[in-house]
Amino acid sequence: MYNFQSSLEYAKQLDASDQLASYRDKFHIPKDKEGNELIYLCGNSLGLQPKSTKKYINQELEDWANLGVEGHLEAKNPWLPYHEFLAETMAKVVGAKPIEVVTMNTLTANLHFMMVSFYRPTKKRYKILIEADAFPSDKYAVESQLRHHGFDDKKGLILWKARKGEELANYEDLENILATQGNEIALLMIGGVNYYTGQYFDLKRITKLGHKHGCVVGFDCAHGAGNVELNLHDSGADFAVWCTYKYLNSGPGSLSGCFVHERHAHNKDLNRFTGWWSHNKQTRFNMRHEFDVLPGAEGWQLSNPPILSMAAIKASLDMFNEVGIKKLNEKSRKLTAYFEFLLKQLGEDTIKIITPSNPDERGCQLSIQVKNANKELHNKLTESGVISDWREPDVIRCAPVPMYNSYQDVYHMVDRLKNLI
Ligand SMILES: *Cc1c(COP(=O)(O)O)cnc(C)c1O
């Protein structure tokens with residue numbers, strides 16, 4: 001499909017014809033001590049800072065300085081409805097309707113709040129299924145939910161494991177688990193894009209399968225949001241959560257996104273934890289009103305949110321809105337295919353890419369196993385100016401992010417890796 005070549009000249013040509021190349025200049029690229037730009041391939045862990053973020057945050061600092069409490073209504077972007085300014089673009093980014101998304105809390109907290117509503121175990125149907133190499137926080141969260149409801153967290157947790165000698169989870173195995181234990185499983189909670197292997201799951205297929213067996217289905221899309229076209233609404237998933245500091249470039253520890261499918265939007269009977277921000281906006285400040293929950297994902301908010309963090313999210317989302325997730329995806333596919341092409345030149349007996357080779361089953365991240373490598377190799381790679389991420393026992397994760405990474409970034413990464421092995 002692509003006719004890639006392995007020269008630096010060719011990488012320069014790709015950059016020269018890249019329609020999104022100018023977006024790199026809209027980000028702060030970290031530099032080494034000599035002032036050379038680092039090869040930053042770690043947007044899957046912490047996205048880079050858009051240069052516009054400062055302006056967005058300063059606007060809120062100024063309005064706070066000048067207006068004090070009046071800023072709730074009088075700020076240029078009034079704080080009271082500030083989360084609403086994010087809903088439309090956030091919905092587009094994850095393929096949802098605005099009523100289905102809200103930005104609130106942090107990721108693991110949202111995962112718990114979603115389980116308060118969507119993990120409703122009974123004596124017979126109480127188990128939770130996750131993928132075997134789920135992100136640790138997610139595993140801890142579901143284990144604690146099992147204990148919270150009085151169940152044994154070992155008996156109650158079902159792992160969807162890759163087969164012996166394989167790295168990727170297999171749908172047939174999931175079907176088998178559901179065929180044999182489906183009636184005991186209350187919840188399927190899967191990482192939409194697995195953080196370790198970079199495998200992008202077929203959310204619709206998993207949801208259909210889970211629903212067929214009477215399970216609730218939720219996804220943690222921390223590695224999907226801003227990276228792949230998630231189509232959350234079409235997937236039919238009951239809920240999803242994600243963070244905004246990875247591919248969504250909103251700053252360390254920034255707020256999380258949350259999706260609740262439209263079919264639950266008006267169900268006031270769902271068990272949930274509530275606060276004044278879950279309450280009807282018209283009567284929220286009457287303070288004595290009987291609780292009246294907001295429809296849609298907004299109805300899961302608890303608190304008035306941190307505006308400074310939301311301002312950073314708005315700065316980033318405005319860029320996503322400008323570029324569009326489709327264009328990003330196009331570049332992402334090409335950039336990652338190019339990365340894969342170069343890595344394969346190193347020889348398949350030296351390097352193994354555990355991420356699926358099918359572009360529909362991955363985002364931009366490639367997880368690379370280097371034969372006989374240990375953390376020392378990764379340290380040297382870092383010293384050479386490549387920022388990537390090491391996961392025990394032997395995987396280097398690299399994410400060329402289409403918004404700000406160049407083809408030359410990818411070229412230089414592989415070139416430096418080659419010199420080290
Ligand atoms: C990054 C990530 C987290 C981190 O959770 P926080 O609550 O934001 O600290 C959790 N789960 C997954 C799948 C992640 O990728």
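Everything numeric here is computed off the predicted structure, so don't read it as measured data. Start at 1 and go down the list; that is how both ligands and their atoms are numbered.
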> Considering only protein heavy atoms, which is closest to atom 7 (O) of ligand 1, and at what distance to one decimal place?
T108 OG1, 2.6 Å

> Please write down residue, atom name and distance for the protein heavy atom closest to atom 11 (N) of ligand 1.
D138 OD1, 2.6 Å

> Over 60° means perpendicular and under 30° means parallel, so classify the ring planes of F341 and F4, tilted if in between.
tilted

> Please state whether the rings of H279 and F291 are parallel, tilted or perpendicular, taking 30° and 60° as the class boundaries.
tilted

> Which residue, N105, D220, T103, forms the side-chain contact (heavy atoms from CB on, under 4.5 Å) with N110?
N105

> At under 4.0 Å between heavy atoms, is it the side chain or the backbone of D220 that contacts ligand 1, or both, or neither?
side chain

> What class does the angle between the rings of F118 and W300 fall in, given that below 30° is parallel, 30 to 60° is tilted and above 60° is perpendicular?
parallel

> Name the orientation class of the two ring planes belonging to Y404 and F27 (parallel below 30°, tilted from 30 to 60°, perpendicular beyond 60°).
tilted

> Taking the minimum heavy-atom distance to atom 6 (P) of ligand 1, which of Y245, W242, Y140, Y195 ranks first?
Y245

> With atoms numbered from 1 as shown, which atoms in ligand 1 lie under 4.0 angstrom from a non-hydrogen atom of H223?
15 (O)

> Using the ring of each side chain (for Trp, its six-membered ring), is W160 parallel, tilted or perpendicular to Y171, with breaks at 30° and 60°?
tilted

> When you measure from atom 12 (C) of ligand 1 to every protein heavy atom, which one gives the shortest distance, and what is it?
F135 CG, 3.3 Å

> Tell me whether ligand 1 is touched by T106 - counting only heavy atoms on the residue side and a distance under 4.0 Å.
no

> If you have a sec, work out which protein heavy atom is nearest atom 2 (C) of ligand 1 and how many Å separate them, to one decimal?
K246 NZ, 2.4 Å

